[in-house]
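Excluded from the calculations below are hydrogen atoms, water molecules and symmetry mates; all remaining heavy atoms, backbone and side chain alike, are included. Just so we're on the same page: letters track the sequence lines, and every chain starts at 1.
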Number of protein chains: 2
Amino acid sequence: MDVLDLRKRPSQQRSARTMDVVLEAAAQVLEAGGLGAFNTNAVAARAGVSIGSIYQYFPGKDAVMAALIRLEAARFEAELARALEAAADLPLAQAVERLVALAVASQTARPNLARILDLEERRLGLEAEVTIRSQTTIGQLTQFLARHDVPDPQVAAGDLQNLVRGMVDGALHADPHDLTRRIARAAMGYLSGQAGDP
Amino acid sequence: MDVLDLRKRPSQQRSARTMDVVLEAAAQVLEAGGLGAFNTNAVAARAGVSIGSIYQYFPGKDAVMAALIRLEAARFEAELARALEAAADLPLAQAVERLVALAVASQTARPNLARILDLEERRLGLEAEVTIRSQTTIGQLTQFLARHDVPDPQVAAGDLQNLVRGMVDGALHADPHDLTRRIARAAMGYLSGQAGDP
DNA sequence: GCAGTATGTGAGTAATTACTCGCTTTGGAT
DNA sequence: ATCCAAAGCGAGTAATTACTCACATACTGC
């Protein structure tokens, strides 16, 4: 039984609108004001609900954070799944470019939020439910890479995810298209250099 | 006149030991407990000085943070400068491997700290003194890459820094030596793929 | 209408925390 | 020894904030 769990949702089939509104407000507060501005009052105000309502849906502040992390993870994973399906029959280079473009678009929408969620995921995920966000993302990527005969696909998947994340994080004010090209180049470079060069 | 400046240091030639102690304590608190544990009382306690003393050397909490960011930046830049000098006559691939090893070692020592400083730098550096930490680092790298006839060395320097940072951040529990090899491969892959493939 | 329940409210509370200020201690010059 | 300024101290203060709870309102089946 985790403090971050939402099992205590008062009824089974709630309108869920309030919850969504709160999470969206939390995202906006984090994006606009950073971790320091993320407090229950600010989130409630932005969501247009009372503080009490927040505590009807979430056992505490950290639970809001955790729910937001899971939400964003789920969104990205859904997009990734679609993109992977669409790119299934493409040659590796083109497939990689598409996936990178997806990652760039995803992070560019709310640059600060992504960074904060990264950091908070580590703080909250204290060993349990390790890396909420990347678990299945990595899984999907691993399978994709394995199909393209990339050696050590699991490690490669993790490396690529980190490579992309780092480059997107660092260069958010660049032109997205150009950035995508450079990141794709780095990713392909990594994959080409894979394994036994003699 | 910035709130983060330390110009108001009470005397011109202070022992500076207290200041160092405070900064080291701040680093330890951040590494151990994250941003949430970073408060003036905790830092003072860990440093073995009183709260008052902190405020004799720093105009406020954020100034401690800023000073720590500058300190770590200066340390890394010094190491980088030495490494670049030592690697000046090496072929590109070997030079890159050495630089990557340095970055890995640097971040591995205090993994959480590095991430937090990244985030805080953005929060504090609001447009002024843009990217305290990477300014001269990038400069040094740019010159190095230019000497090796890398096209667009400035962009490449930034990309490489972000690529390395991302990969190190994401895989801190891996074996440092293996990690270094993989990152170096990615970096070389990026550099090889540079410019006009037809 | 009405009973009963689900949902929403927001003033209040207890805890935390950045920072102040009047005081004590230290150390060096005479 | 005496003085003085520099350095250090830490209880106190005002502000912030996570969270509670007694109450109000909306909704549902009758």
(request) Starting from the 5' end of DNA chain D, give me the residue, B:V49 or A:N39, whose nearest nucleotide shows up first. (result) B:V49

(request) Under the ring-ring contact (aromatic ring centres under 6.0 Å, His included) rule, collect the residues that match up with B:F38, sequence neighbours excluded. (result) none

(request) Give a yes/no on whether any side-chain N or O of B:S50 is located under 4.0 angstrom from OP1 or OP2 of D:dG8. (result) no

(message) Base contacts versus sugar-phosphate-only contacts with protein, heavy atoms under 4.0 Å: please encode nucleotides 19-27 of chain C as B, S and - from 5' to 3'.
(response) BB-------

(message) Under the side-chain hydrogen bond (donor to acceptor under 3.5 Å, both in side chains) definition, can you give me all pairs with a residue in residues 167-179 of chain A, not counting sequence neighbours?
(response) A:D178-A:R181, A:D178-A:R182

(message) Salt bridge or not between A:R165 and A:D118? Use side-chain N to carboxylate O under 4.0 Å.
(response) yes

(message) With salt bridge (charged side-chain N to carboxylate O under 4.0 Å, His left out) as the rule and sequence neighbours excluded, what pairs involving residues 80-107 of chain B come up?
(response) none

(request) Check whether any side-chain nitrogen or oxygen of B:T18 sits under 4.0 Å from OP1 or OP2 of D:dG8, and answer yes or no. (result) yes

(request) Could you state the atom-to-atom distance from CZ of B:R17 to C1' of D:dG8 in whole Å? (result) 12 Å

(request) In whole angstrom, give the distance that lies between atom CD1 of A:I54 and atom P of C:dT7. (result) 17 Å

(message) Without decimals, in angstroms, what is the distance between B:Q56 CD and D:dA7 C1'?
(response) 5 Å

(request) Hey, could you give me each pair passing side-chain hydrogen bond (donor to acceptor under 3.5 Å, both in side chains) that has a residue in residues 140-151 of chain B? Not counting sequence neighbours. (result) none

(message) Does anything in residues 99-114 of chain A form a salt bridge (charged side-chain N to carboxylate O under 4.0 Å, His left out)? List the pairs, not counting sequence neighbours.
(response) A:E24-A:R110

(message) Whole angstroms only, please: what is the CZ-P distance between B:F58 and D:dG8?
(response) 12 Å

